[in-house]
Amino acid sequence: MFYCEMTQELSKTYEPKDVENKWYSFWLEKGFFHADENSDKKPYTIVIPPPNITGSLHMGHALNNTLQDILIRWKRMSGYNALWMPGTDHAGIATQNVVEKQLSNEGTNRHAIGRDKFIERVWKWREESGGTIIRQLKRLGSSCDWDRERFTMDEGLSEAVKEVFVRLYNEGLIYRDNYIINWCPRCHTALSDLEVDSVDTTGALYHIRYPIIGSKDAVVVATTRPETMLGDTAVAINPDDKRYKNVKGKKLFLPIANKEIPVIEDAVVDMEFGTGAVKVTPAHDPADFEMGKRHNLSQIVVIDDSGNMTAEAGGKYKGMKREECRKEIVKQLEEEGYLIKKEAHQHAVGHCYRCRAIVEPLVKLQWFVKIKPLAEEAIKAVEDEKIRFIPKGWENTYFEWMRNIKDWCISRQIWWGHQIPAWYCCDCFGDKITIFSHDKPSGTSYTALRKSGKTHEEILGSVDRCIIDKSVEPIVSKGKPKCPKCNGSNMIQEPDVLDTWFSSALWPFSTLGWPQKTKELSAFYPTDTLVTGFDIIFFWVARMIMMGLKFMNDAPFKDVYIHALVRDAEGQKMSKSKGNVIDPLIMIDKYGADALRFTLSAMASPGRDIKLSEERIEGYRNFCNKLWNASRFAMMNIDKDFKAKTIDSQNLFDKWILSRLNRLTKDTTEALKGYRFDEAANGVYQFIWHEFCDWYLELIKPVLNKKEDADKVAMTQTVLIHVLESSLRLLHPFMPFITEEIWQRLPRFGEAASISSIMTAPFPVVGDKLIDNRIEDEARLLQDAISSVRNIRGEMNIKPSVEIDVLFKTADENRADFFKEYTDYIKFLTRAKGVKIGTDIEKPKMSATGILKDMEVYIPIEGLVDFAEELSRLQKEAEKIKKEIEFVNKKLGNQDFVDKAPEAVVIKEKEMYKEFAEKLSKIESGIRKIEALKT
RNA sequence: GGGCGAUUAGCUCAGUGGUAGAGCACUGCCUUCACACGGCAGGGGUCGUUGGUUCAAUCCCAACAUCGCCUACCA
């Protein structure tokens with residue numbers, strides 16, 4: 001065999017850089033990531049939360065994808081047909097903004113180049129830059145089925161979008177209406193409620209006098225947005241508000257605008273807030289919009305699409321920015337004596353989640369999904385536990401939102417995205433279709449343009465934006481239809497595109513080929529687990545559930561694992577502007593992907609954010625190195641012609657490590673089943689470092705060095721390799737690279753001989769018979785004895801180079817015989833020159849004493865240390881024991897405890913008392929002996 | 001305003017109705033033939049505060065405090 005020669009080449013430290021690319025390419029070449037839709041194996045599917053093509057890998061992605069990869073690799077090794085479906089999201093607004101910025105740098109803009117050219121530019125950008133995050137996911141080791149990679153703007157996925165839109169429309173679940181929506185005056189598009197970030201802001205509450213017509217009195221309204229008063233059409237009071245009893249039915253004078261508005265009564269008005277009187281601006285406030293509808297108020301639009309004041313706002317203010325207008329209005333109110341006061345006021349201000357501009361509520365004709373019927377099913381699916389949230393607490397968040405859900409505004413006034421498959425007949429409704437072209441931004445009706453001699457195609461070619469009146473009937477169809485009225489084909493397609501989340505809502509089935517009836521779909525849908533952050537439960541998870549239930553008649557996944565947010569070491573959200581970002585790619589370069597992955601999984605305890613620090617990653621890099629060196633040791637100690645034996649070792653420590661390994665296998669599997677990535681990772685870490693390395697490797701050194709018993713050596717080597725190899729397989733989902741690197745160098749026997757990669761090797765299965773409590777207890781006795789000797793050495797500063805004698809006095813012969821068997825081990829691990837064991841051991845006059853259960857340890861210290869040191873050590877020990885005795889005594893002295901506590905607990909306490917008491921008396925006798933010697 | 005979560009060793013976090021655990025950091029000793037990205041040993045906590053339930057509370061309950069997050073038509 002050749003691996004022993006290779007061993008010589010193993011460097012003393014693990015170098016991830018050399019290893020990671022090599023194995024990732026190997027896995028790809030072998031097609032190990034690919035899931036076969038024709039496989040008979042049980043499927044296990046995860047769809048990736050598609051990252052934005054504009055994005056680059058941050059720690060959140062790193063965590064999210066590490067966890068998915070752990071699940072997928074674990075399931076794949078466990079014999080499942082594991083599919084991890086990857087892809088990216090076209091991120092409408094974000095991507096459009098990126099490309100628009102590019103154009104702006106080139107001194108042009110999308111309106112100048114036109115819609116078609118612009119879309120071409122976006123695709124071009126996508127070809128060049130959209131793959132960044134995918135490459136980065138590969139660096140992390142993600143074992144996605146890249147052959148199946150999808151993009152939300154793919155042809156197939158676009159087909160799914162159209163299909164869904166048409167079907168929802170035909171069922172009346174999509175409609176087009178005028179409604180007050182969130183408008184971003186910078187992106188120039190509508191946003192859904194979710195796409196608005198509320199930011200707590202200290203603003204001002206202005207108290208303004210609105211004089212009562214025919215009276216000297218006035219009603220004082222309180223508002224944070226005085227500039228909207230130009231669009232006021234009423235003042236509302238609560239019908240129960242006694243303060244305003246006398247103004248009911250009166251008219252008020254609206255300052256500046258110089259007109260009369262009515263007082264209306266509406267129960268929604270909060271008497272406690274402000275003055276209890278609210279100015280009502282139906283065109284610019286969601287609450288006022290609703291009120292306006294209830295009271296038949298007109299909508300006066302005073303703010304335009306760019307956030308500037310309109311002509312309706314009045315001559316002086318026309319064209320002014322809304323912020324500037326506010327200042328001017330306040331100034332004028334002050335001058336004219338209408339401003340009563342201005343007070344500081346905390347309130348939430350909506351910002352565009354893509355560009356941070358302050359959102360303006362505007363009334364616009366938009367497309368909506370009637371969401372209640374879909375939400376009801378989605379709520380039921382979680383209530384009926386068809387879908388499980390982990391941790392369970394998130395179900396409440398989900399229910400809360402779903403039960404108060406409002407219709408979803410799905411139309412966006414941008415160009416990059418799925419254009420809504422709705423059409424309008426230009427021949428029937430040409431006069432109600434207003435075309436805005438780049439060179440004629442004021443807008444002309446379609447009919448007028450035709451009359452001016454332009455052809456239909458010429459008009460469509462010049463459209464920059466258009467307004468289609470609400471009265472124009474849309475024809476919703478996947479392809480361009482003919483007009484059912486006039487049979488004409490001069491159609492104009494709805495210019496708006498769909499919310500990006502509309503297409504990502506279909507991701508679990510659209511990526512598998514829906515609406516085609518594909519093999520993939522029947523093989524892999526419904527998927528098993530969705531792994532994501534809580535920040536997109538509403539955006540994405542809830543909507544996937546609704547769409548999955550609606551179109552597949554089945555929930556899109558069974559488990560939703562919600563992981564934490566990754567923050568910096570101070571608990572701050574990582575952001576570029578704060579400069580506290582820990583870049584996962586830099587960490588991978590520095591410490592290796594395995595170290596980063598392991599850090600994230602070990603810290604992924606449920607329900608708590610991860611405060612990441614670089615030291616932590618360094619620590620797990622050290623773990624990689626530890627594993628590396630343990631493996632080097634193993635390989636150095638294997639014969640060139642090593643042949644594995646059948647494992648039936650009679651050696652205590654072999655049996656011990658096998659028992660521990662199997663316990664670990666059981667615990668790790670349980671932890672993974674429960675999505676306890678932290679417990680799984682920590683368990684493997686603990687085992688490899690503190691049991692396998694600290695104890696087992698040390699314990700077998702005396703065996704391996706004693707070459708005479710070849711059978712024994714071969715058995716130990718077999719166990720050694722077996723345990724190492726199994727540990728590697730347990731660890732592989734967490735640390736794919738280093739485990740493969742080591743695994744490939746190990747001699748393989750049995751079934752493993754024919755397997756070409758650890759990632760296709762079976763995940764260890766627990767052998768319950770090998771878990772042996774008695775063996776573990778026996779090993780523990782020896783370990784405790786060895787630790788006790790080492791403790792004395794350490795405490796008394798006996799240097800490792802000084803060889804000592806160790807004496808064990810046991811309570812009975814059995815124990816003595818048992819210990820005698822392991823003299824060599826004890827010698828080696830305590831660096832002793834002689835070990836004596838027996839029931840009749842006399843304590844040497846000048847010796848240090850260690851007290852164990854049913855056993856005492858003596859180390860002659862004559863000439864090594866002075867008595868004072870040993871005396872103070874024993875006294876310290878005695879103090880400790882006394883405290884414990886006091887504690888137990890208090891309990892046992894309590895009659896209620898003895899009467900009411902379970903018997904087993906009482907017995908345990910009594911035994912403890914006995915043990916402590918014995919220990920104390922031994923220590924005290926030791927103290928007396930030393931004191932006697934001193935005098 | 002409503003909801004949720006957190007508060008445990010210097011730091012970051014596990015955890016359990018029956019005398020508190022890990023990693024890092026810290027202290028001492030050690031260049032012992034896998035590993036100084038290491039070994040051995042050690043120090044360190046009235047488990048946020050106050051009540052209650054219980055034989056027993058860090059854990060269950062209630063209030064409070066501090067911090068964080070989500071959500072909302074307080075204009």
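Computation of the quantities below employed the complete heavy-atom set of this structure, encompassing side-chain atoms and omitting hydrogens, waters and symmetry-equivalent molecules. All chains are named by letter (A, B, ...) in the order of the sequence lines, taking the proteins before the strands, and each is independently numbered beginning at 1.
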For A:Phe273, check ring pair (Phe, Tyr, Trp, His ring centres under 6.0 Å) against everything at least two apart and list the hits. A:His345

By side-chain hydrogen bond (donor to acceptor under 3.5 Å, both in side chains) - contacts of A:Lys590 (at least two apart): A:Glu614

If the cut-off is 4.0 Å, is A:Arg790 near the phosphate of B:U32, judged by side-chain N/O to OP1 or OP2? no

Where at least one partner belongs to residues 898-914 of chain A, residue pairs that pass salt bridge (Lys or Arg N to Asp or Glu O under 4.0 Å), sequence neighbours excluded: A:Lys891-A:Glu909

Which residue pairs pass the salt bridge (Lys or Arg N to Asp or Glu O under 4.0 Å) test when at least one of the two sits in residues 786-803 of chain A, sequence neighbours left out? A:Glu795-A:Lys876

Between B:C30 and A:Lys799, is there an OP1 or OP2 to side-chain N/O distance shorter than 4.0 Å? yes

Does anything in residues 223-237 of chain A reach RNA chain B, meaning a heavy atom under 4.0 Å, and if so which residues? A:Thr223, A:Thr224

Hey, does the side chain of A:Lys590 come within less than 4.0 Å of B:C37's phosphate (OP1/OP2), counting only N and O? no

Does A:Trp408 have any ring pair (Phe, Tyr, Trp, His ring centres under 6.0 Å) partners at least two apart in sequence or in another chain, and if so, which? A:Phe502

Categorize A:Glu909 for me: base, sugar-phosphate, or nothing, with a 4.0 angstrom heavy-atom threshold over every strand shown. sugar-phosphate

Starting from C1' on B:A34, measure out to CZ on A:Arg745 and report it in whole angstrom. 14 Å

Which distance, rounded to the nearest 0.5 Å, do you find between the CD of A:Gln686 and the CG of A:Leu664? 10.0 Å

Phosphate OP1/OP2 of B:G42 contacted by A:Asn791 side-chain N/O (<4.0 Å): yes

For B:G42, does OP1 or OP2 lie under 4.0 Å from any side-chain N or O of A:Lys876? no

In residues 679-691 of chain A, which residues come under 4.0 Å of RNA chain B by heavy atom? A:Tyr685, A:Trp689, A:His690

Any salt bridge linking A:Glu615 with A:Arg621? Criterion: basic side-chain nitrogen under 4.0 Å from a carboxylate oxygen. no

For B:C33, does OP1 or OP2 lie under 4.0 Å from any side-chain N or O of A:Lys701? no

Proximity to the side chain of A:Arg621 - top-ranked nucleotide from B:C37, B:C24, B:G18: B:C37

Could you write out each protein N or O paired with an N or O of nucleotides 44-48 of chain B at a distance under 3.5 Å?
none

Does B:A56 have OP1 or OP2 sitting under 4.0 Å from an N or O in the side chain of A:Asn894? no

Show each protein N/O and nucleotides 72-74 of chain B N/O combination with a separation under 3.5 Å, one pair to a line.
| unit_1 | atom_1 | unit_2 | atom_2 | d |
| --- | --- | --- | --- | --- |
| B:C73 | OP1 | A:Lys406 | NZ | 3.2 |

With 3.5 Å as the limit, what N/O pairs link the protein to nucleotides 3-7 of chain B?
| unit_1 | atom_1 | unit_2 | atom_2 | d |
| --- | --- | --- | --- | --- |
| B:A6 | O3' | A:Arg608 | NH2 | 3.0 |
| B:U7 | OP1 | A:Arg608 | NH2 | 2.8 |

Nearest nucleotide by nearest heavy atom, which residue falls closer to the 5' end of RNA chain B, A:Tyr620 or A:Trp695? A:Tyr620

Hey, which of these two, A:Phe623 or A:Glu795, hits RNA chain B nearer its 5' end, going by closest nucleotide? A:Phe623

What would the secondary structure line of RNA chain B be in dot-bracket form, counting Watson-Crick and G-U wobble pairs under 3.5 Å, with [ ] for pairs that cross earlier ones and | for pairs with another strand? (((((((..((((....[..)))).(((((.......))))).....(((((..]....))))))))))))....

Any A:Lys12 side-chain nitrogen or oxygen under 4.0 Å from OP1 or OP2 of B:C35: yes

Pairs meeting criterion salt bridge (Lys or Arg N to Asp or Glu O under 4.0 Å) with involvement of residues 674-691 of chain A, two or more places apart: A:Arg660-A:Glu691, A:Arg676-A:Asp678, A:Arg676-A:Glu679

